Amino acid sequence: MDYTELKLRLMRQGAEFTAAARKIMCHSRFGHITFSDYATTGGIVAVLDERVYVNIPVKIQGTLFVVDAFEDKLILKYDNTTIKMSFRIIPVPKYALDIERLSDDTPVRELVMTHADRVRISPVHGCGYHCSFCTSNAAYYKEIFCEQLDQAFNIALNDPYNKPRHVLISGGTPYEKADSYEWINDIYRYFPRKYTQFDFDVMLSPRGMSPEQTSIKDYDEFLSYLHDECGVKTLSINLELYNERFRERFIPNKATVGKNNYYRFIRQAVEIFGTRNVRSSLVVGLESEEDTLNGVRAILDCGCLPVLSAFVPAPGTDMANYPAPSVEFLLEIVRKADEMAKEAKLQLGPLCRPCTHNSITVEAGEIII
């Protein structure tokens with residue numbers, strides 16, 4: 001088994017954490033070592049041999065992986081055999097597990113969340129889009145005041161367990177209303193200009209400064225605003241799926257925007273932000289290998305870094321009982337996509353190593369069991 005397969009098996013199959021392991025892990029005053037977040041980030045982030053990052057769902061049974069402890073160090077076992085590698089976890093931030101709240105009683109973890117070395121700011125609770133596989137789909141829609149986000153962000157910055165190194169402004173997509181666009185545009189400007197010690201990434205769909213602005217000129221104006229006026233460093237513009245039928249079925253709002261508009265927006269973003277500063281995610285496991293690789297090719301043709309994210313059936317979503325892709329399917333996809341990226345003189349994203357913990361990536365080297 002190589003590191004690529006090991007990572008994917010851990011992501012898909014999870015691991016049992018023994019009592020001995022839990023004893024030396026960071027946990028909340030309620031005894032928790034993890035909690036539910038997005039479908040792909042609801043586990044524990046581990047580092048294998050100080051170079052491979054992986055999100056491991058916590059399982060009680062039905063997995064061959066066990067995280068145990070030996071001489072006060074964590075070890076990883078597979079089928080009762082210890083894997084010869086260093087193994088450590090990145091603690092989930094204490095502020096979230098202890099359910100800290102703002103002065104108005106809003107839970108901090110509804111507004112910000114740290115994963116590995118990145119803190120995520122979520123200006124929108126819920127989402128104006130309705131993607132079938134997303135956990136935000138079922139949440140009520142609410143736009144968060146900048147003052148609340150700033151208060152929560154400062155709590156995250158001072159977390160005793162996990163100090164973030166860079167920032168993602170993400171969350172849901174705002175409603176297509178002028179005041180909603182104006183509100184979130186101000187947030188995009190506020191945080192990078194106030195916290196200049198951090199690099200800021202913004203995740204969003206193709207758009208102009210206001211809802212009715214959708215031309216190439218409008219895209220250019222908005223992207224220039226993010227780059228020049230706000231000081232945003234990188235962008236995530238997620239295509240999600242390539243097959244038109246599945247786009248209409250699973251991501252109807254993004255399907256309405258249209259793939260061609262995604263390509264136009266991504267190309268403009270690459271021109272303004274630079275080749276290595278724009279990426280686009282594809283959900284792997286909902287469409288065929290051919291469709292997914294066509295999506296990879298389309299993203300590469302835009303000069304953009306593809307990011308592969310395995311579909312995870314999330315409780316509470318419309319697709320909670322939809323079959324997850326096999327490890328073998330994921331392996332086939334990622335190896336072919338990696339070759340395609342190399343041929344294009346690009347690479348699969350994300351470029352930040354800790355941020356690859358919930359993405360499908362090719363990892364060099366064999367493991368010893």
Side-chain angles (χ1 to χ4, degrees), residues 1 3-70 72-79 82-83 85-100 107-109 112-120 135 156 159-165 168 309-315 324 327 330 350 352-361 363 367:
M1 187 187 303
Y3 281 93
T4 302
E5 182 178 351
L6 174 61
K7 175 180 177 177
L8 293 180
R9 291 198 179 280
L10 283 168
M11 289 173 65
R12 285 285 297 108
Q13 298 167 6
E16 176 188 348
F17 288 73
T18 67
R22 290 168 182 263
K23 186 177 180 179
I24 63 174
M25 293 170 65
C26 294
H27 55 272
S28 74
R29 63 175 178 265
F30 306 111
H32 300 150
I33 58 172
T34 186
F35 65 92
S36 178
D37 191 43
Y38 290 149
T40 61
T41 59
I44 290 176
V45 180
V47 190
L48 315 179
D49 278 343
E50 294 302 322
R51 62 185 184 86
V52 179
Y53 290 78
V54 56
N55 184 81
I56 306 177
V58 177
K59 298 289 183 69
I60 304 301
Q61 57 185 6
T63 177
L64 294 176
F65 291 103
V66 173
V67 176
D68 203 353
F70 178 74
D72 294 327
K73 290 185 178 181
L74 294 175
I75 57 174
L76 178 65
K77 296 179 179 179
Y78 179 73
D79 199 15
T82 299
I83 301 176
M85 64 169 57
S86 66
F87 181 91
R88 67 178 175 89
I89 64 165
I90 298 177
V92 176
K94 182 178 176 63
Y95 71 82
L97 287 181
D98 283 352
I99 319 179
E100 290 197 26
V108 168
R109 73 179 188 183
V112 298
M113 182 53 55
T114 302
H115 294 293
D117 68 348
R118 181 182 71 189
V119 63
R120 183 189 74 229
T135 51
D159 185 82
Y161 289 169
N162 201 330
K163 300 292 185 182
R165 194 174 56 84
L168 168 67
S309 180
F311 166 67
V312 178
V327 171
L330 298 177
C352 169
R353 290 299 297 162
C355 289
T356 63
H357 70 92
N358 63 335
S359 300
I360 311 170
T361 52
E363 306 291 343
I367 65 169

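Quick caveat: nothing in here was measured; it's all calculated off a predicted structure.
Residues passing the side chain to side chain contact (heavy atoms under 4.5 Å, CB included) test with Val312, sequence neighbours excluded: Ala39, Thr40. Qualifying side chain to side chain contact (heavy atoms under 4.5 Å, CB included) partners for Thr361, counting only residues two or more places apart in sequence or in other chains: Lys7, Thr356, Ser359, Glu363. By the salt bridge (charged side-chain N to carboxylate O under 4.0 Å, His left out) test, Asp159 pairs with no residue at all, sequence neighbours left out. With sequence neighbours left out, Arg120 forms a salt bridge (charged side-chain N to carboxylate O under 4.0 Å, His left out) with Asp37.
Summarising the local packing, CG of Asp79 is surrounded by more than 12 heavy atoms from other residues, nucleotides or ligands at distances under 6.0 Å.
Here CG of Leu6 is found 4.5 Å from CG of Leu10. Values are rounded to the nearest 0.5 Å. The CG atom of Asp117 sits 14.0 Å away from the NZ atom of Lys163 when rounded to the nearest 0.5 Å. In this structure, the separation between OG on Ser86 and CG on Leu74 is 11.0 Å, given to the nearest 0.5 Å. The structure places CG of Leu168 at 9.5 Å from NE2 of His115, a figure rounded to the nearest 0.5 Å. Remark: Ile367 CD1 to Ile83 CD1 distance equals 4.5 Å, nearest 0.5 Å. Note that CG of Leu330 and CD1 of Ile360 are 4.5 Å apart. Values are rounded to the nearest 0.5 Å.
Closest non-hydrogen pair, Ala21 versus Val67, comes out as CB-O, 3.4 Å. In terms of heavy atoms, Thr135 sits closest to Ala314 at CG2-CB, 3.6 Å. For the pair Gln13 and Phe65, the tightest heavy-atom approach, listed with the atom from each and the gap, is OE1-CE1, 3.5 Å. Closest of all the heavy-atom pairs between Thr114 and Ala156 is OG1-CB, 4.4 Å.
Using a 4.5 Å heavy-atom threshold, the side chains of Ile90 and Tyr53 count as touching. Residues Phe87 and Ile75 are not in side-chain contact: their nearest non-hydrogen atoms beyond the backbone lie 4.5 Å or more apart. In this structure, the side chains of Val45 and Val54 stay at 4.5 Å or more apart for every pair of heavy atoms. Residues Met113 and Val119 fail the side-chain proximity criterion, which asks for heavy atoms closer than 4.5 Å. Contact of the Val66 side chain with the Tyr78 side chain is not registered, since no non-hydrogen atoms from C-beta on lie closer than 4.5 Å.
For residues 40-69, the pairs satisfying salt bridge (Lys or Arg N to Asp or Glu O under 4.0 Å) are Glu50-Arg88, Asp68-Lys77, with sequence neighbours left out. Residue pairs meeting the salt bridge (Lys or Arg N to Asp or Glu O under 4.0 Å) criterion with at least one partner in residues 9-20, sequence neighbours excluded, are Glu5-Arg9, Arg9-Glu328.
With hydrogens and angles ignored, the 3.5 Å screen pairs no side-chain donor or acceptor of Arg118 with any backbone N or O of Pro164. Panel note: side chain Asn358, backbone Asn55; no donor-acceptor pair is recorded below 3.5 Å.
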*asked:* side chain to side chain contact (heavy atoms under 4.5 Å, CB included), that's the test. Do Val327 and Met11 meet it? Break it down for me.
replied: CA-CA 9 Å; Val327 171; Met11 289 173 65; over 6 Å; no
